[in-house]
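Notes follow the structure.
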Amino acid sequence: MHRLGAMADAPSSDIPTMRYSAELARDIELRWQDFWQTNGTFETPNPAGPLADPDAIADRGEKLFVLDMFPYPSGKGLHVGHPLGFIGTDSFSRYMRMRGRNVLYTMGFDAFGLPAEQFAVQTGQHPAITTNENIANMRRQLRRLGLSHDTRRSVSTTDPEYYRWTQWIFRTIFEAWYDVDADRARPISELIDEFAAGARAAPDGAVWSDLSGVEQARIIDDHRLAYSAEAPVNWCPGLGTVVANEEVTADGRSERGNFPVFTRNMRQWMMRITTYADRLLDDLELLDWTDAIKTMQRNWIGRSEGATVHFASDAGPISVFTTRPDTLFGVSFMVLAPEHPLVHELTADAQRADVAAYQKAAAAKKDIDRTDDTRDKTGVAIGASAINPVTGKPIPIWIADYVLMGYGTGAIMAVPCGDQRDFAFAQTFGLDIPAIQQPSDAWFESRGLAPTLDATAWPEAHIGDAPYVNSANDSIDLNGIDQVATAVAAINSWLEAHGHGEATVNFKLRDWLFSRQRYWGEPFPVVYDDDGIAHVLPEDMLPVVLPETDSFAPRTFDADDADSNPESPLDRLDDWVHVELDLGDGVKSYRRDTNVMPQWAGSCWYEMRYLDPTNDERFVHPDVERYWMGPRTDERPDHPGGVDLYVGGVEHAVLHLLYARFWHKVLFDLGHVSSREPYARLFNQGYILANAFKDERGIYVDALAVEQVGDDAFTFEGSPVTREWGKMGKSLKNSVSPDEMYDAYGADTLRLYEMSMGPLDASRPWETRDVVGMYRFLQRLWRNIVDEDTGEVIVTDTEPDDETERMLHVTIEAVNTEMSHLRFNTAIAKLIELNNHLTKLDSVPRRVASSFALMLAPVAPHIAEELWHKLGNDGSLAHTAFPQADPALLTADTVEYPVQINGKVRGRITVATDAPSDEVEAAALVEPNVARTLDGKAPRKVIVVPGRMVNIVA
RNA sequence: GCCCGGAUGGCGGAAUUGGCAGACGCGACGGAUUCAAAAUCCGUUGUCCUAACGGACGUGUGGGUUCAAGUCCCACUCCGGGCACCA
């Protein structure tokens with residue numbers, strides 16, 4: 001028995017009991033996490049509302065709102081790639097708190113969406129149960145990381161007390177219209193008043209008071225910022241729901257599930273985001289975002305300036321949008337999209353069969369085929385013509401699938417000499433290619449061609465500035481002009497003066513399709529009366545709670561069945577759909593809207609609910625919003641307001657970030673928020689990548705079980721596998737869970753490793769074997785301050801020597817600079833350098849150890865708290881002032897200069913820091929190796945850069 | 001095709017306004033400790049030449065500006081991301 005006991009103890013008996021091991025780290029970390037929670041260390045006071053604490057606000061410094069893109073609470077659990085951004089924001093929040101800022105930092109959950117619903121469909125368990133279990137699990141995993149969240153402020157988009165306000169915002173948007181003259185949204189009641197008072201003319205010359213209630217309602221509905229309309233939408237039979245443009249991939253499939261998407265006309269809810277196109281574009285200038293994201297948003301909004309031109313035809317005027325109205329004299333045919341509404345009326349009887357066949361073929365084509373610009377041009381003449389307004393001559397009308405119904409007017413004027421697509425089309429079908437610009441001789445020369453105005457001989461269209469020819473009629477003459485911009489201005493005034501068109505701005509951005517035929521989303525707070533008029537429910541009837549059911553699945557169809565129709569799960573709940581309500585004019589029966597909102601709805605405004613999460617009177621108290629998000633005009637006069645730092649992945653460049661800006665601007669226009677933009681500064685963190693391995697069949701194998709057998713050779717269970725890079729995840733079988741890291745090293749080591757791998761905005765490969773480096777750093781630090789056998793501190797109360805003192809202050813200075821700029825990798829390197837220096841000392845002075853603990857706290861908070869405590873301090877260091885360097889201690893008495901000859905270092909000299917340049921020069925010239933290399937020759941020139949280096953030109 | 005990024009040792013990455021290229025970490029090599037191993041600690045580590053002192057070369061490629069270039073300019077190659085028949 002004694003022997004067995006001794007043997008059991010043997011393996012650990014050599015290791016000192018108070019060494020910084022994974023077990024000790026775990027003990028320290030769990031203890032401090034409890035301490036923070038018990039003491040409300042990270043609870044942040046508000047200036048007003050339920051969380052108001054004006055005294056605490058007065059005690060703290062300037063506010064700082066730090067925000068992560070909130071996660072979807074997946075049931076699969078976290079891998080080490082997920083929390084990269086969270087560790088960054090936490091370290092920054094902790095640092096800024098120690099710099100005296102009043103930091104708001106918390107995390108909620110974006111919990112509506114497909115995975116929970118699909119899980120519910122498979123198991124019959126209500127998605128709310130699954131979601132809440134997943135949230136609880138994720139909270140536990142994130143807590144173990146030691147994130148300094150104000151947990152009182154956490155929200156979930158699926159909580160009725162949260163989506164009550166999502167519905168309230170929908171209601172607010174529904175009850176608003178865009179006043180183009182004022183260039184802002186206004187309450188719809190003001191529009192009704194203007195119609196009623198005659199201040200605004202009703203459409204089609206109608207007299208407002210003569211219209212019936214239904215007629216009035218329809219006119220009003222046409223102005224609402226949220227409206228339901230019959231419109232071309234993206235129908236995805238495989239998912240059983242419609243999806244937004246932004247959720248369709250370039251090859252015409254659904255982002256979720258990768259099913260084919262078909263364009264169909266259906267009645268759906270839309271948001272009039274297009275009214276904000278110019279402001280969404282212009283206000284990008286005010287944002288501290290990367291150019292990459294701004295460019296993506298600009299491309300998505302797709303503003304282009306040009307003109308609308310009307311061409312007369314037998315079916316009335318056909319309008320086209322063009323960015324090059326200056327080329328109107330070169331128009332030799334017109335092309336309509338196959339779906340253009342005038343095609344049917346214009347088509348000559350002889351062409352009907354061909355046109356119908358082409359239309360059918362185009363409709364059946366997937367978008368990927370239709371938008372492949374390398375494909376040969378196809379099209380059919382419809383046997384009709386239109387009149388070119390500048391020449392008065394008839395031009396043939398064709399249909400072709402390179403013209404898209406969804407952009408501009410769905411019709412183009414074709415200028416083959418000035419547009420490559422039109423040029424290719426004209427060549428394919430032998431159409432005229434009149435030249436209207438004289439390209440330069442150089443243009444012809446580079447194409448191996450003698451200058452000619454016979455454009456059929458050109459190898460391609462000419463695009464850009466060149467003198468105009470053949471471009472005059474009785475009332476306009478462009479000939480001789482050589483700038484496109486000049487010609488555009490001239491022709492635009494002519495078009496307007498003669499009623500043939502007008503200058504126009506066109507956008508690629510479409511209105512936002514806002515309804516989905518699913519279960520697990522926010523119900524619309526909308527009912528329909530017997531006339532089919534939509535009524536939004538009053539505030540006091542919110543929330544409209546998602547009804548209970550045990551049938552969560554929308555009806556899905558064969559993925560290629562374009563003719564199927566959506567059937568929402570809520571449609572089936574008759575008891576819920578049919579309601580008796582009093583909306584102010586007595587109890588009547590209504591039918592509920594059975595759509596739900598898209599997943600983006602809840603994330604359009606969540607940052608504001610963090611501000612005032614328990615307010616049951618408003619979505620956020622105005623004073624609270626102004627305090628945390630109001631414009632910081634002291635920083636710069638055009639500051640738009642919003643979150644001070646928003647960290648997340650680049651994948652939300654156009655979806656979430658565009659929708660949230662739109663909602664925020666509507667709320668701003670209507671006076672509900674003081675900020676024009678939700679996110680003043682956006683930082684895109686990189687991804688953690690990992691090796692993934694495929695076997696000979698192309699199947700991914702467990703990356704952890706792969707062995708390296710050569711420089712670039714790997715095997716799995718003895719068979720060769722090939723390596724590739726990918727995002728860490730289940731599908732590539734290369735996940736590493738944070739739990740494994742906690743068990744092996746502890747949370748502080750994991751945090752340090754993730755922050756030290758590289759800059760926060762760069763993607764970097766995960767290497768489990770590298771993690772040990774940060775573990776060793778913490779062990780060395782621990783050993784420098786704590787006796788590994790007794791656990792007692794071993795610091796001395798003597799003052800540090802000069803070198804240590806200077807190094808401490810240099811480190812303090814550098815760490816402050818690096819951490820303020822989110823450069824934790826270099827901040828950590830500086831701390832390691834200081835620690836390596838301390839390791840060489842006989843003992844560490846207490847003052848240095850204390851400063852070290854404070855500097856380490858943002859990135860490795862648990863061990864820092866423990867050391868701080870052991871060094872004799874009470875409570876948490878979370879609000880203790882971060883060390884500040886004494887400028888007088890940053891420089892030494894002497895400084896070492898490298899001495900270069902012709903740019904190559906030949907020696908080093910050490911001189912007094914304040915030595916004048918001529919003294920430095922003199923010292924440099926007598927340095928033995930320098931003198932030897934010069935070999936007695938006089939230098940031609942000597943450059944002394946004070947404090948840096950000496951270069952001798954020999 | 002267009003628009004953004006990027007390229008530095010065996011690996012991840014450092015390097016204010018042009019001013020010592022390779023901080024810091026991993027790995028590798030050598031040593032200490034150990035019966036041995038793991039863990040831990042100490043040292044070396046861009047490549048090449050040299051016994052050594054020292055020297056040559058070196059930041060994707062080719063030019064240029066400069067006393068001095070990873071950094072600035074011109075031309076190009078490759079890699080990553082976004083957009084794309086948008087009139």
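Chain naming here is simple, since letters A, B, ... match the order of the sequence lines and numbering starts at 1 in each. Owing to the predicted nature of the structure, the values given are computational and were not obtained by experimental measurement.
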request  = Tell me what A/Arg783 touches on the nucleic acid: a base, only sugar-phosphate, or nothing, going by heavy atoms under 4.0 Å.
outcome  = sugar-phosphate
query = Checking all strands, does A/Arg940 fall into the base, sugar-phosphate, or nothing category for heavy-atom contacts under 4.0 angstrom?
reply = nothing
ask   = What nucleic acid atoms does A/Ser21 come within less than 4.0 Å of, heavy atoms only: base, sugar-phosphate, or nothing?
value = nothing
inquiry  = Under the criterion side-chain contact (heavy atoms from CB on, under 4.5 Å), I'd like the reasoning laid out for A/Asn506 against A/Thr308: C-alpha separation, chi angles, the key distance, then a yes or no.
reply    = CA-CA 9 Å; A/Asn506 203 12; A/Thr308 304; over 6 Å; no
ask   = Does the salt bridge (Lys or Arg N to Asp or Glu O under 4.0 Å) test come out yes or no for A/Glu460 and A/Arg447, once each step is laid out?
value = CA-CA 9 Å; A/Glu460 60 189 326; A/Arg447 284 160 184 78; 2.6 Å; yes
key: Pair partner, B/G5 [Watson-Crick or wobble, under 3.5 Å]   = B/C79
task = Quick one, give me the B/S/- string for nucleotides 12-18 of chain B, reading 5' to 3', where B means a protein heavy atom under 4.0 Å from the base and S means that only happens at the primed atoms, P, OP1 or OP2.
result = SSS-BB-
task = Between B/G19 and B/A15, how far apart are the C1' atoms? Round to whole Å, please.
result = 12 Å
query = How close or far is atom C1' of B/C85 from atom CG of A/Asp401, stated in whole angstroms?
reply = 9 Å
note = The Watson-Crick or G-U wobble partner of B/G22, with both key distances under 3.5 Å, is none
Base partner of B/G58, which must satisfy Watson-Crick or wobble distances under 3.5 Å = none
Pairing of A/Asp278 and A/Arg303 as salt bridge, 4.0 angstrom limit = yes
message = Could you walk me through whether A/Tyr402 and A/Asp422 satisfy the side-chain hydrogen bond (donor to acceptor under 3.5 Å, both in side chains) test, starting with their C-alpha distance in whole Å, then the side-chain angles of each, then the deciding distance to 0.1 Å, before giving a yes or no?
response = CA-CA 10 Å; A/Tyr402 79 92; A/Asp422 299 344; 2.8 Å; yes
request  = Could you pick out which residue, A/Val654 or A/Ile828, lies toward the 5' side of RNA chain B when each is mapped onto its nearest nucleotide?
outcome  = A/Ile828
Phosphate OP1/OP2 of B/A39 contacted by A/Arg19 side-chain N/O (<4.0 Å) = no
task = Take atom CZ of A/Arg769 and atom P of B/G10, then tell me their distance rounded to the nearest Å.
result = 14 Å
query = Quick one: CZ on A/Arg776 to OH on A/Tyr745, what's the gap to the nearest 0.5 Å?
reply = 8.5 Å
ask   = Taking for each residue the nucleotide of RNA chain B with the nearest heavy atom, is it A/Phe321 or A/Lys830 whose nucleotide lies nearer the 5' end?
value = A/Lys830
request  = Can you tell me, in whole Å, how much space there is between the C1' of B/U59 and that of B/C2?
outcome  = 30 Å
message = I want to verify a distance call: between B/A87, B/C20, B/C24, whose nearest atom is closest to the A/Thr322 side chain?
response = B/A87
query = Nearest-Å distance, CZ (A/Arg421) to P (B/C2)?
reply = 15 Å
ask   = Among the nucleotides B/G25, B/C4, B/A87, which one has an atom lying closest to any side-chain atom of A/Ile832?
value = B/G25
ask   = If you count the non-hydrogen atoms of other residues, nucleotides and ligands that lie under 6.0 Å from CZ in A/Arg510, is the total more than 12?
value = yes
ask   = Would you say A/Arg932 reaches B/C53's phosphate, i.e. side-chain N/O to OP1/OP2 under 4.0 Å?
value = no
request  = Grab the NZ-C1' distance between A/Lys508 and B/C85 for me, whole Å please.
outcome  = 12 Å
query = Looking at side-chain heavy atoms only, is the closest gap between A/Phe507 and A/Trp300 below 4.5 Å?
reply = no
message = Syn if the chi torsion is within 90° of 0, anti otherwise; quick check, which is B/G60?
response = anti
query = Taking the P atom of each, how far is B/C29 from B/C78, in whole Å?
reply = 38 Å
message = Could you tell me how far B/A23 sits from B/U77 if I compare only their P atoms? Round to whole Å.
response = 34 Å
request  = Counting Watson-Crick and G-U wobble pairs only, both distances under 3.5 Å, name the nucleotide matched with B/U33, or none.
outcome  = none
key: Whole-Å C1' distance, B/G64 and B/G55   = 28 Å
request  = May I ask you to say what A/Lys904 touches in the nucleic acid, namely base, sugar-phosphate or nothing, with a heavy-atom cut-off under 4.0 Å?
outcome  = sugar-phosphate
query = From B/A87, B/C85, B/C41, pick the nucleotide closest to the side chain of A/Tyr402?
reply = B/C85
query = Do A/Ile688 and A/Glu754 pass the side-chain contact (heavy atoms from CB on, under 4.5 Å) test, and can you show the C-alpha distance, the side-chain angles, and the key distance before you say yes or no?
reply = CA-CA 9 Å; A/Ile688 289 191; A/Glu754 294 216 7; 3.6 Å; yes
task = Would you classify A/Asn836 as touching base, sugar-phosphate or nothing, given that sugar-phosphate means primed atoms plus P, OP1 and OP2, and contacts are heavy atoms under 4.0 Å?
result = sugar-phosphate
query = Which word best sums up how the rings of A/Tyr20 and A/Tyr775 line up, parallel for under 30°, tilted for 30 to 60°, or perpendicular for over 60°?
reply = tilted
request  = Classify the side chain of A/Lys377 and the base of B/C85 as holding, or not holding, a donor-acceptor pair under 3.5 Å.
outcome  = yes
key: Between B/G60 and B/C42 - P atom distance, rounded Å   = 34 Å
message = Strictly by Watson-Crick or wobble contacts shorter than 3.5 Å, is anything paired with B/A28, and which nucleotide is it?
response = B/U44
task = Please state whether the rings of A/His656 and A/His652 are parallel, tilted or perpendicular, taking 30° and 60° as the class boundaries.
result = perpendicular
inquiry  = Quick one, A/Glu803 and A/His837 - any side-chain contact, counting heavy atoms below 4.5 Å?
reply    = yes
task = For B/G81 versus B/G62, give the span between their P atoms, rounded off to a whole number of Å.
result = 28 Å
Interatomic distance, A/Ile688 CD1 vs B/C11 P [rounded to whole Å] = 20 Å
ask   = A/Val844 versus A/Phe852: any side-chain heavy-atom pair under 4.5 Å?
value = no
Could you list, one pair per line, each protein nitrogen or oxygen that sits under 3.5 Å from a nitrogen or oxygen of nucleotides 67-70 of chain B, together with the distance?
from: B/C67; atom 1: O2'; to: A/Asn951; atom 2: ND2; distance (Å): 3.1
from: B/C67; atom 1: O2; to: A/Asn951; atom 2: ND2; distance (Å): 2.8

ask   = B/C26 phosphate, OP1 or OP2: any side-chain N/O from A/Arg776 under 4.0 angstrom?
value = yes
message = Under 4.0 Å, heavy atoms only, any strand: does A/Gln779 hit a base, just the sugar-phosphate, or nothing?
response = sugar-phosphate
inquiry  = Rounding to an integer number of Å, can you tell me how far A/Tyr745 OH sits from B/C26 P?
reply    = 11 Å
query = Is B/C72 paired to anything, Watson-Crick or G-U wobble with both distances less than 3.5 Å, and if yes, which nucleotide?
reply = B/G64
query = A/Asn784 CG to B/C41 C1': how many Å, rounded?
reply = 12 Å
side-chain N/O A/Asn929 vs B/G55 OP1/OP2, d < 4.0 Å = yes
remark   = Between CG of A/Asp326 and C1' of B/A87 the distance, given in whole Å, is 13 Å
ask   = What interatomic distance, in whole Å, is found between C1' of B/A68 and the corresponding atom of B/G6?
value = 26 Å
ask   = Less than 4.0 Å between a side-chain N and a carboxylate O, is that true for A/Glu285 and A/Arg298?
value = yes
